[in-house]
Amino acid sequence: MNEWVQSNDSNRDNVKPLVVRACGRIDYQRAWDLQRETVKAVDKGEARETLFLLEHPPTYTIGSQRHPEHLLLSPDQLKAQGIQVYEIDRGGDITYHGPGQLVGYPIILLEGASLDLHGYLRRLEEVIIQYLASFGIEGSRKEDYTGVWIGDVKIAAIGVKFNRSRTRKGFITSHGFAFNIKKGIQHEGFSGIVPCGIQQYGVTSLEDMTGKTFTVEQVGEELLPYFESIFGYRHISEADCLR
């Protein structure tokens with residue numbers, strides 16, 4: 001059994017409550033606003049820790065490692081393809097979000113024993129690695145890079161922001177993971193960028209690796225127990241993103 005699961009199985013009585021908000025397909029700006037609102041509310045004690053599960057319309061996001069040369073499309077090409085571009089406040093380079101990709105934004109408090117920023121990234125990766133293992137797929141990490149890999153192709157990107165708490169000695173997370181589900185997604189929006197600035201490796205998807213068909217909502221439901229186990233949460237409520 002994986003060490004993350006072992007550590008949490010021994011503390012079942014200490015699991016924390018988690019609100020899960022399933023948003024469906026939602027505009028990137030709306031989701032970004034929701035994250036920032038929730039970070040402030042969690043910090044003030046006005047909201048519980050929350051996991052957003054959703055997908056976006058075609059979107060490129062550019063993180064703090066600004067490399068405009070990694071966006072390969074002109075403004076006219078972006079407009080013709082209906083792709084929006086955002087410069088945002090997470091770490092990392094440019095990536096693609098679009099239909100057929102499960103995006104997860106955990107808004108959780110890291111303090112005390114959980115105040116391990118590097119460990120947080122590894123746990124996010126572990127959620128997807130263990131989910132892939134349920135299909136007999138060996139997901140892995142690649143030295144010097146974040147994300148989840150299958151051999152030399154990436155199936156999930158990780159990019160986060162650690163927001164310093166104003167009320168506690170710790171951080172509240174935002175942004176998170178993007179897990180490719182739809183077959184052929186690597187030939188869609190990813191072809192217009194150098195994903196995460198990595199030129200020598202490609203991307204893949206769950207459907208490409210399994211030969212099965214999935215919906216984004218289905219994978220979100222199936223992935224949730226792995227998130228809860230690895231991070232020590234139990235979801236107590238679910239809500240859409242209009243509430």
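- Among residue pairs with one or both ends in residues 171-183, those qualifying as salt bridge (charged side-chain N to carboxylate O under 4.0 Å, His left out) are Lys182-Glu188; sequence neighbours excluded.
- Qualifying side-chain hydrogen bond (donor to acceptor under 3.5 Å, both in side chains) partners for Gln218, counting only residues two or more places apart in sequence or in other chains: Glu222.
- Residues satisfying the ring pair (Phe, Tyr, Trp, His ring centres under 6.0 Å) test with Tyr86, not counting sequence neighbours, are Tyr28.
- Listed by chain and residue number, Tyr120 satisfy the ring pair (Phe, Tyr, Trp, His ring centres under 6.0 Å) test with Phe162 (two or more places apart in sequence, or in another chain).
- Checked against side-chain contact (heavy atoms from CB on, under 4.5 Å), Asp33 has the following partners two or more places apart in sequence or in another chain: Gln29, Arg36, Glu37.
- In this structure, the salt bridge (charged side-chain N to carboxylate O under 4.0 Å, His left out) partners of Glu111, at least two apart in sequence or on a different chain, are Arg168.
- For Phe179 and Phe214, the distance between ring centers is not under 6.0 angstrom.
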Would you give me the side-chain donor-acceptor pairs under 3.5 Å for residues 48-58, sequence neighbours excluded?
unit_1 : atom_1 : unit_2 : atom_2 : d
Glu49  : OE2    : Leu109 : N      : 2.7
Glu49  : OE2    : Tyr233 : OH     : 2.7
Thr50  : OG1    : Arg48  : O      : 2.9
Glu55  : OE1    : Gly100 : N      : 2.9
His56  : ND1    : Ile26  : O      : 2.8
His56  : NE2    : Tyr105 : OH     : 2.9

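- Residues satisfying the side-chain contact (heavy atoms from CB on, under 4.5 Å) criterion with Ala133, sequence neighbours excluded, are absent altogether.
- Taking the six-membered ring for Trp and thresholds of 30 and 60 degrees, Tyr131 and Tyr226 have ring planes more than 60 degrees apart, a perpendicular arrangement.
- Under the ring pair (Phe, Tyr, Trp, His ring centres under 6.0 Å) criterion, Phe177 pairs with no residue at all, not counting sequence neighbours.
- For Lys169, there are no side-chain contact (heavy atoms from CB on, under 4.5 Å) partners, not counting sequence neighbours.
- For Lys44, the salt bridge (charged side-chain N to carboxylate O under 4.0 Å, His left out) test picks out no residue, with sequence neighbours left out.
- Inspection of the Gln81 and Gln77 side chains reveals no N or O donor paired with an N or O acceptor under 3.5 Å.
- Applying the side-chain contact (heavy atoms from CB on, under 4.5 Å) rule to Leu78 yields the partners Tyr60, Leu71, Leu73, Ile83, Val85; only residues at least two apart in sequence or on another chain are considered.
- No salt bridge links Glu228 with Lys16; every basic N to acidic carboxylate O contact stays at or beyond 4.0 Å.
- Contact annotation: the side chain of Gln101 approaches that of Ile185 to within less than 4.5 Å [non-hydrogen atoms, C-beta and beyond].
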